[in-house]
Each structure stands twice: as C-alpha cells, then as structure tokens.
Amino acid sequence: MTKKLLLIDGNSLAFRAFYAMYNQLDRMISHKGLHTNALVAFNNFLDQIVDPMQPDLAVVAWDAASGKETFRGELFPEYKDGRSKTPSEFKEQFPYLREMVALHGLRNYEQAGLEADDIIGTFSRLGEQAGYSVTIVTGDQDLIQLATDKITVNVTKKGVTEIERYTPEYIMEKFNLTPLQIIDKKALTGDTSDNYPGVTKVGEKTALKLLAEFHDIDNLYTHVDDMKQSKLKENLINDRESAFRARELATIMTDSILALPLEEIEYRGIDYDNLVTLYEVLDFKKQLSKIKALQKSGQISGSQTLIEKNVNVVTLQDDNLQAVAMLGDKLALHIEMAGPNYHTDDMIGFVIGSPGTGYYGSRDVTLLQKPELKSVIENAAIVKNVFNVKAQLILLKRLGVALKGAKFDFLLISYLLDTTDNDNELSTLAQRFDLYVAPDEDIYGKGAKFEVPADDARVLAHLAHKADVLMQVEQLAFDALQAHEQTHLYTEIELPLAHVLADMEYQGIKIDQERLHDIGDDLESRIHAIEDAVYLEAGEKFNINSPKQLGVLLFEKMGLPVIKRTKTGYSTAVDVLEKLAPQAPIVAHILQYRQLAKLNSTYVAGLLAVVHEQDSKIHTRFLQTLTQTGRLSSVDPNLQNIPMRTAEGRQIRTAFVPSHPNWQIFGADYSQIELRVLAHMTGDKNMQKAFLNGEDIHAETARAVFGLASDAPVDALMRRTAKAVNFGIVYGISDFGLANNLGISRDEAKRFIDTYFKEFPQIHAWMSQIKETAHEQGFVETIAKRRRYLPEISSKNFNLRSFAERTAMNSPIQGSAADIIKIAMIKVADALRDNNMQARMLLQVHDELIFEAPVDEVPELTELVTSVMDSAVVLDVPMRVESHSGNTWYDAK
DNA sequence: GCGTTCACG
DNA sequence: ACGTACGTGAACGCT
C-alpha cells in the first residue's frame, strides 16, 4: 500500500478553528481562565480527520513570524499590511495548540524566513518524489496550486471538520484551470487579505475568462497589444508590473531548503497519558471521559494507575487500630457516603492518614467508635483535612463521635475561591489544582446503577486517593485563599458556620404529622370537587397538571386568546390564566386547582415523606457551597420555601411545632436588609438618611420619585410602585423588567428609574462603578470579600452581557446580606452556648432565623437574638430586627 | 434529563 | 437591533 504523508497548515487551521467557535468564546474558558474555543475545534479536527487517517509521516507547519521576514516582505514591503491584530484570546491558545499537536503524535515545524505554505509546498514535493501519497489540509484556498495526481489539497469549508477536496480534476471542473494556473489567477486578481494588488478592476470572473483565452499571464502579456481597445486592456498594460509581482507573491515555494528531513516527521500516534494531563488543564471533560472509556474497554493501552498516582492503604481491623495513634498531629479524614444525604444514607467506609505516615481505612465505619480512633478524631490538637466538614460532622455524630480540629475543608475553600462550575465533587475540584483522583462515578457508577464494588481494596484505594489529594492540595488552596484576601471569610465565617449548620440540621424541626394529614385530607376533598367542576366545564376528562393538555383545551378547543408562549407551546402560567379568568369560569377553577394541588403534593405529601420516624422531625440539609451569591440553599426538603403569602398555604406552618411541651417557636428577621446593604455600599446619603430617621423606606422612595413634600401622604399605588422600583434596583434595574413587573410602558418605567437615580445619585454612581469593576477585574465582591466571577460581562452577546451586568449589581447586595446573617448566626450560636440557654436555632431563611425555646426563655431569647443580629455587622445605617413567637411556626408571625 | 410551573427570600 | 428583572428547590409531564 502507498505510504501516506500528511501536511497541515497550522496557522490557517487554527485561525479557522478560532472563528468557527467564535460565538462560544465566552463560554469556553478553562478553570485557569484560558480561552479554549480554538483548542476545542482544533482537537475535534485532529480527532476526526487525523487520527482515523493514521499517516506514516505527518507535520503541522506554522508561520515563523508575520511573513514580513520572508522573500515576500522584501519583494513587497506592504505585504500583509493592514491585518488586524491577532486577538489576545486567540494568541494565548497558541502554546497549547502546539502541545496538543505533539501529543496527537504529529511533528510541529516552523523555519525562519518561511511561511507555513512554503514548508508545506516543499514537503509535498519531497514526499511526492519519495513515492508518498500526499494529503494537505489547510484553511487557505491558495494552496490548491500544489495539487497533482499524488498531492490532494483539502480546504476547510465552514468550521474545521467540513472539507473540500481539491484534485487537479476537481480544480479543472470548478475553475476550468490547472493547479498552476491558480497562481496566474491570483496574479490578475491580487489578494486583499495579504494586501497586494493584481490588475485594477480584475476580479475572479474576468481573470477566469482571460486565462481561458490566454492560459497564463506570460502569454497574455505577449498578446496584450493585439487586444481590442478597452478599459480592461488599459488596466492590464498599466498594471503589468503589479501582476508579475503578484504572481511571485502568490507562488508557494516548493524548493526551500528545509532543516528537517522527511525521515524525521514520522507519525508517532497518540500519547494518551500526557494528553489526559493536557485535557485536564484545559477542562476537556468529554475528551477525558472518552479516553477513560477506551482505557476501560481495553481499546488503548495505558491504565488507570498511570493517571492516578499510586497510594498505599492499610486495612484497619480490631488488631491494628493502635497504628492510628502514630499518625501524628496532621492528617486527612474522609468518610464515604453511598449518596448525598448524610442524615440517612449508608456509610461506605473511611480512611485516615497522611502521606508521611501512610493511609489506614476500612469498610467498617463502626471502627471509628473504637477508643483508638475516637480519641484521635475528638482531639482538637490533631488537625484534620476534610472534604465537606458539615457532612463529616454529621456522619460522625451519627456514630456518636465528635469531630474536632477540622481546619481545612477543601470543598468550602473551593467554593469561596470560585463558585462557578462547582459540582461539589472532589475529583472535579482537585483538577483546578492539577491534581487527579478518579471521579466517584468511575468507581460506583451513578443513578440506578450505583453500586459499591465487591472488591474492598478497590474502594479503600479510592478513598486513600481522596485523602491524599486533601493533603496535597492544602497549601495550594490556602495560598489561593490568601491571594483572594479570603482567609478571614473562611476561618471566621464559613468554617464556624459549617459547625453551626451541622447542629441545626442534626437537631431538626418537629412535625405534627397528624395536623399535616388533616390538612391533606381537607385539600384532597376540595381538589376532587374542583376537578369534577373542571371536567364538567371542559366536557371531558384530562390531566389538569399537564400544561400541554391544558393548552390544547384552553387555546384550541375553547379558542381563548394566546397571551404568552413558551419554548414548547402555549404558556399557562398564573399571570396568563389571571388575564383569561374573566372570559371563562373554568380558568378560575384551574387556578384554584393548581394552588391546592401544589400545596398537597409539595407541602403535605412532600413533607410527610421526609419525616424521620424515630423523632418525628425533619432534618433538612443546608447547602453551603452551592449558590452563586453566598446564600444558603435548603434541600431534602427545602424548608426555605414553606408557604407564607396566601392564607391557605400558610396553614402548612401550623404543622411545624416545638420538640418539647411548653416550648415555642421563635422567629427573628432582618427588616429591609438588602436595601440597607444598598444604602451602606453605595454610600448614598439620601437613602441612608431615610434609614437613619427610621422612615418607611418605600414611602420615602415614593416621595422622592413622585416629588412629594417630606411630610406628604403617600397613597397605596405610589408606595407599591416605589417598592417595585426598589426591588428592581436591587435586582440590577432595567426599564424592560420594571415595566413588565408594574404593567406600565417602558417609557414610564424609564422615567421612574431616571428620577430614582437623580434622587439617589450615589446609587446611580455605584451601579456604573460596579459594572466597570466587574469588567476590569472579572469579578465582584461582597463586604466579606466573597467573590463572584462574571466572565460574560465582556461578552459581545447582548443577552449574556446584560445578564452579567445585572448580576454585577445584584450579587454584592444579596451576597453581603448573606454575609451578615451568617455572621449573626455564628454569634447567636456562641451567645446561646455562653448563656447556657436551652433554646436551639433550627432554620435560616435568608433574612430570618427560626428557633425553638422553652416558653419562659422566650423573653431572654428575644433580647439576645435581637441585639446580636442588629449588631452583627456595623453599617453606616442601622439594622432593624423584628421577632415573633408562638406555639407553631404559623403563630410566630 | 429537560421544561414548565410555583413555592420562598 | 438585541429582549430580562436577582437567588433558590420540588413536583410533574414528557421524551
């Protein structure tokens, strides 16, 4: 079989790759901030075109410099002038492109004084003479002049993987020219991108016509005087010199002297081990999983051990537990769970140890209760590195062990460093620091297929790898934290908060299940009645819960007007149905059905399903490393969205009760915390004055935007409007959003905003400033230096950019409010303990804290919680805290 | 697994 | 011209 030589035009393909994925530029950024769009596209090209071809020889040719330093620059000083500068987002990818090429087994080559074209031209002739079948791949059509029977030129069409194949026959068919005549065509037309002229007014069409008649420019100019008089003839004669120069510039050299002999460009095949490392740096997740799949199925050599560093682990048993006492004062500890819910899920095993002293572990977590281990875990002087300290605290509480000395939580720190793309997985987060550990999915599978391997050694090895990463990454992570000035945020806020949250979750909140059942029974009978009414009005049975079926009924069968559409069909959301309600009685029934069905399925059935039978309590999990702003979130179940706004829904709160007789539920909430944070951060004197004077802030805002006197009465509509504007400001105002919310025109909304900014000029200035800051440094910060990155603030896409701008305005406000309540929680927890109170903090709902306490402790609790909360952080405006207590959560209002 | 809807701050 | 208010979680229908 004929041997194959592959020649790739690196610059032109990389350039194509960059622009093929230009619209993805803002999305494709590695954890290190490197743009990867060209790398992704180039890698696709290598995978799809090069790897399957398996050439014998292969080289990727690169331009040595701008092209000025070649014979072309000497011949024509303006050569390639006027080219726009290479974008920095492209340039930064160059070194990685070359590495990627090398790891795919191809030789990179450049040579001073030559452009990539000339290297390819010369190699192609050398290869042809040596009997190779030569394939050229380029993004530049000029190279088709090189085509011969043995040399095929592939030019990318759109993207990088779609290709047009130029053989001499195809060129003849397409242009009616031989490959060499392509040069003559270029001589006549010139090249705008390389900035050299041909003959004035001659474009592709005229050039092809002339060449059809005269074959080449030598012959053309021999006969030019015979042509009949025309503007074209005049131009040809005037631009003769320019045409011959253009021919020289367009001619690709095929006889350069290359420093690299043909024998040394042997194709080496893919270096999987090192390619994996590169893909990890670039965050090429799909490619990584592809390689792993290939390795697993044995299709490629190189095993898991080549990727994962080898870590030894000793299995602990009853007779070697004393080894743990020798581990020293610094170690990693990790208990593995069979699922995300550390309150209920099984524990798979544990590992403990350090690189210096080795790792010890077992599948039997009850060993952790043995004195040898318990004493180490409960010794605060023995410093532990963990992943998710809150989970570890609770798992150990379940075993009756109190974790102390956990100073390094890799999950918490990773979250503080960068909230984006945090999947809460050790393996993923380790990659940010170029450390590798197999993803849990590789060991256990996922979803329904989750299964702990029968081979204990395999499980323990995985755990030991995790522990080892926790030790390796510590210094790097702490350094990064320091560089972000976030050490205080971590050690004084998030880490102590994790302990507070662990106590709250473990404590849980008591549920009156009977009460919940009664509410459910009542709801069900009412739901059935409404269902019957709906079916009667519809004239048929259908699934009211299906927006699709409901849409067909309302908008097709009943012919109601379509007010809003979703991606997939008609919208049947509340605001739409409310507009339709006057036109058909069924709509009001559907709204009522929706409300009751939601209450029943989410809040009655949903809550009953997660009550722990042993203590009749609900133990939520507060996710501390999820939100982009620093707020907590609550899952399994979500106790941060228990109904409140409607009388019906609010009844659910009657089922949340104290866990002891003669105890009460107590709630304390910050009043207007986000607007106070806004007044503080922006330094706006007018808004600060309103808070300092203890005014009703929305009424005061109404007076400002409606131009009323300071003692003038404010009617309800004005106050409502002002309140919406205040909300809008906090969300990152836009006239469109405000207009939509208030049901007014965009112009009116814009006038409100303009007046607002005139009345509160420093808020206006801050909004502009924060967007600028976000643009310049790529992130915004809260008062506690919590960070949110906003790469899309520089996007060319209006939507993405606008979203980032609103986020830049909202996140510091929402996030600072989150900082404040977190600080308050830590101080409240300390105060409860220091004062030997029986009261327990149970829940946090963004700006409020919920407690249970003995009735006679409530007055003291009120005083303590209120004073701690309103002095948690000192701002330029006062904080105000309101509190309530009662026999159930419903009554604590 | 994604889209829609609706519960909260 | 572009076309959205910020941050969440759960249930359900549908593919």
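Since the model is a prediction, treat every value here as computed from it, not as a measurement. Each chain gets a letter, A, B and so on, in the order the sequences are listed, and its residues count up from 1.
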Checklist entry - Side chain of A:Ser734, base of C:dT4: donor and acceptor closer than 3.5 Å? => result yes
Item to check | Whole-Å distance separating the CG atom of A:Leu608 from the C1' atom of C:dA10 | outcome: 15 Å
Next on the checklist: Taking ring-ring contact (aromatic ring centres under 6.0 Å, His included) as the definition, give me every residue that meets it alongside A:Tyr890, ordered by chain and number, with sequence neighbours left out.
Outcome noted: none
Checklist entry - For the pair made of CG in A:Leu678 and C1' in C:dA5, what is the distance, rounded to whole Å? => result 15 Å
Checklist entry - How long is the line joining CG of A:Asn741 and P of C:dC6, in whole Å? => result 12 Å
Item to check | Presence of salt bridge, A:Asp696 and A:Arg719, under 4.0 angstrom | outcome: yes
Checklist entry - Touch check for A:Gly732, heavy atoms < 4.0 angstrom, all strands: base, sugar-phosphate only, or nothing? => result nothing
Next on the checklist: The side chain of A:Leu626 is closest to which nucleotide in this list: C:dA10, C:dG7, C:dG9?
Outcome noted: C:dG9
Next on the checklist: Need one value for A:Ile813: base, sugar-phosphate or nothing, where a base atom within 4.0 Å counts as base even if backbone is also close, heavy atoms only.
Outcome noted: nothing
Item to check | Ionic contact status for A:Asp522 with A:Arg526, cut-off 4.0 Å | outcome: yes
Next on the checklist: What is the distance, to the nearest angstrom, from the CD1 atom on A:Ile618 to the P atom on C:dA10?
Outcome noted: 12 Å
Next on the checklist: Rounded to whole Å, please give me the gap between CG in A:Asn545 and C1' in C:dA10.
Outcome noted: 13 Å
Checklist entry - Mind checking the P distance from B:dC6 to C:dA1? Whole angstroms is fine. => result 35 Å
Next on the checklist: Please give the distance between the C1' atoms of C:dA5 and B:dC2 as a whole number of Å.
Outcome noted: 24 Å
Next on the checklist: If I take atom CG in residue A:Leu550 and atom C1' in nucleotide C:dC12, what distance separates them, rounded to the nearest angstrom?
Outcome noted: 13 Å
Item to check | Gap in Å between the two P atoms, one belonging to B:dC8 and one to C:dG3, rounded | outcome: 32 Å
Checklist entry - Under 4.0 Å: is that the gap between some side-chain N or O of A:Ser633 and OP1 or OP2 of C:dG9? => result yes
Item to check | Span that lies between the C1' atom of B:dT5 and that of C:dC2, in whole angstrom | outcome: 27 Å
Next on the checklist: Using 30° and 60° as the class boundaries, would you call the ring planes of A:Phe656 and A:Trp889 parallel, tilted or perpendicular?
Outcome noted: perpendicular
Item to check | Residues A:Arg880, A:Glu882: salt bridge by 4.0 Å N-O rule | outcome: yes
Checklist entry - CD of A:Gln549 versus P of C:dT15: gap in Å, rounded? => result 10 Å
Polar atom pairs (N or O), protein with nucleotides 1-3 of chain C, under 3.5 Å:
none

Checklist outcome for this item: Taken to the nearest whole Å, CE/A:Met767 to C1'/C:dC6 is 11 Å
Item to check | Watson-Crick or G-U wobble partner of C:dA1, both distances under 3.5 Å | outcome: none
Item to check | Lys/Arg N to Asp/Glu carboxylate O, A:Arg786 vs A:Asp819, below 4.0 Å | outcome: yes
Checklist entry - Taking OP1 and OP2 of C:dA5, is either one under 4.0 Å from a side-chain nitrogen or oxygen of A:Asn810? => result no
Checklist entry - Is the closest side-chain heavy-atom distance between A:Lys557 and A:Glu540 below 4.5 Å? => result yes
Checklist entry - So, are A:Glu531 and A:Lys541 salt-bridged, with charged N and O less than 4.0 Å apart? => result no
Checklist entry - So what does A:Ala808 hit on the nucleic acid, given a heavy-atom distance under 4.0 Å: a base, only sugar-phosphate, or nothing? => result nothing
Checklist entry - With a 4.0 Å cut-off on heavy atoms, is A:Asn543 in touch with a base, just the backbone sugar-phosphate, or nothing at all? => result sugar-phosphate
Next on the checklist: Check this for me, if you would: do A:Glu674 and A:Arg631 make a salt bridge, where the nitrogen-to-carboxylate-oxygen distance has to be below 4.0 angstrom?
Outcome noted: yes
Item to check | Reading 5' to 3' through nucleotides 2-9 of chain B, protein heavy-atom contacts under 4.0 Å coded B for base, S for sugar-phosphate only, - for none | outcome: -SSSBBBB
Checklist entry - Can you tell if the side chain of A:Ser816 reaches within under 4.5 Å of the side chain of A:Met681, non-hydrogen atoms only? => result yes
Checklist entry - So, A:Glu852 and A:Lys510, do they make that salt bridge, N to O below 4.0 Å? => result no
